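Here's the structure we're looking at; comments come further down.
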Amino acid sequence: DFSIVGVCLDSEGAEERIQEVMTKFNMTWPQIYDGAGTSSHPAIVNNVYGIPMTFVIDRQGKARYSDLRGDELRKVVGDLLKEQTAVER
């Protein structure tokens with residue numbers, strides 16, 4: 001069980017460009033987009049101060065990590081997936 005959700009902070013009227021980028025980079029996960037740019041509700045309530053920004057949320061809905069990239073992001077996701085497998089056994 002693993003999900004990715006994107007939050008797009010583009011301004012109003014960017015739907016076509018967003019779809020082009022999603023296609024170009026094979027982004028098959030859903031994108032939240034309201035056209036409000038950095039004033040969007042998701043950006044404000046989550047204190048998004050730069051993009052891209054990542055949040056790793058566990059199965060219980062707790063945000064465990066934020067703003068990770070590359071190998072560090074891979075490691076914590078892998079650790080959480082192993083943690084989940086151990087719990088399910």
Side-chain angles (χ1 to χ4, degrees):
D1 296 319
F2 183 79
S3 298
I4 298 173
V5 177
V7 178
C8 182
L9 299 181
D10 285 299
S11 298
E12 189 174 348
E15 295 87 351
E16 187 175 318
R17 174 70 179 131
I18 293 165
Q19 189 57 52
E20 288 172 3
V21 169
M22 289 178 66
T23 300
K24 178 179 180 180
F25 293 103
N26 197 29
M27 298 166 67
T28 57
W29 52 89
Q31 297 288 323
I32 297 170
Y33 165 72
D34 65 6
T38 57
S39 297
S40 72
H41 184 73
I44 292 169
V45 299
N46 292 295
N47 196 29
V48 174
Y49 51 83
I51 54 174
M53 187 162 189
T54 58
F55 295 94
V56 180
I57 302 168
D58 66 17
R59 276 191 101 169
Q60 289 71 41
K62 180 181 176 188
R64 300 266 298 262
Y65 306 94
S66 66
D67 214 18
L68 302 177
R69 306 271 187 287
D71 289 339
E72 192 175 22
L73 179 59
R74 281 185 207 68
K75 181 187 180 322
V76 300
V77 168
D79 289 348
L80 284 175
L81 290 173
K82 288 176 192 170
E83 184 177 290
Q84 171 151 345
T85 301
V87 170
E88 290 176 350
R89 288 183 190 172

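The structure presented is a predicted model; accordingly, all values stated were derived computationally and were not measured.
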### Summary
Applying salt bridge (charged side-chain N to carboxylate O under 4.0 Å, His left out) to Glu72 and not counting sequence neighbours gives none

### Query
Would a hydrophobic clustering, with Ile, Leu, Val, Met, Phe, Trp and Tyr connected at side-chain separations under 4.5 Å, put Ile4 with Ile18?
yes

## Note on the structure
Residue set satisfying side chain to side chain contact (heavy atoms under 4.5 Å, CB included) with Ser66, at least two apart, ordered chain then number -> Phe55

#### Entry: Non-hydrogen atoms of Leu80 and Val56 that approach each other most closely
CD1-CG1, 3.3 Å

### Message
Do Val77 and Met27 land in one hydrophobic cluster if side-chain heavy atoms of ILVMFWY residues count as linked below 4.5 Å?
### Response
yes

### Summary
Those residues at least two apart in sequence (or on a different chain) that pass side-chain hydrogen bond (donor to acceptor under 3.5 Å, both in side chains) with Arg17 are none

### Query
Atom OG1 in Thr38, atom CD1 in Ile51: separation rounded to 0.5 Å?
9.0 Å

### Query
With Arg64, which residues qualify under salt bridge (charged side-chain N to carboxylate O under 4.0 Å, His left out), at least two apart?
Asp58, Glu83

### Message
Looking at Gln19, is its backbone amide N or carbonyl O close enough to the side chain of Thr23 to form a donor-acceptor pair, meaning the two atoms are under 3.5 Å apart?
### Response
yes

#### Entry: Those residues that, when tested against Asp71, pass side-chain hydrogen bond (donor to acceptor under 3.5 Å, both in side chains) (two or more places apart)
Arg74

### Query
Taking only residues at least two apart or on different chains, which pairs with a member in residues 22-48 satisfy salt bridge (Lys or Arg N to Asp or Glu O under 4.0 Å)?
none

#### Entry: Spacing of CD belonging to Glu12 relative to OH belonging to Tyr33, to within rounding of 0.5 Å
6.5 Å

### Query
Side-chain heavy atoms under 4.5 angstrom apart, residues restricted to Ile, Leu, Val, Met, Phe, Trp, Tyr: same cluster for Val48 and Val45?
no

### Qualifying residues under side chain to side chain contact (heavy atoms under 4.5 Å, CB included), relative to Val7, sequence neighbours excluded
Leu9, Ile32, Pro42

### Message
For a quick test of reading the model, state the closest non-hydrogen atom pair linking Thr54 to Arg69 and the distance between them.
### Response
OG1-NH1, 4.2 Å

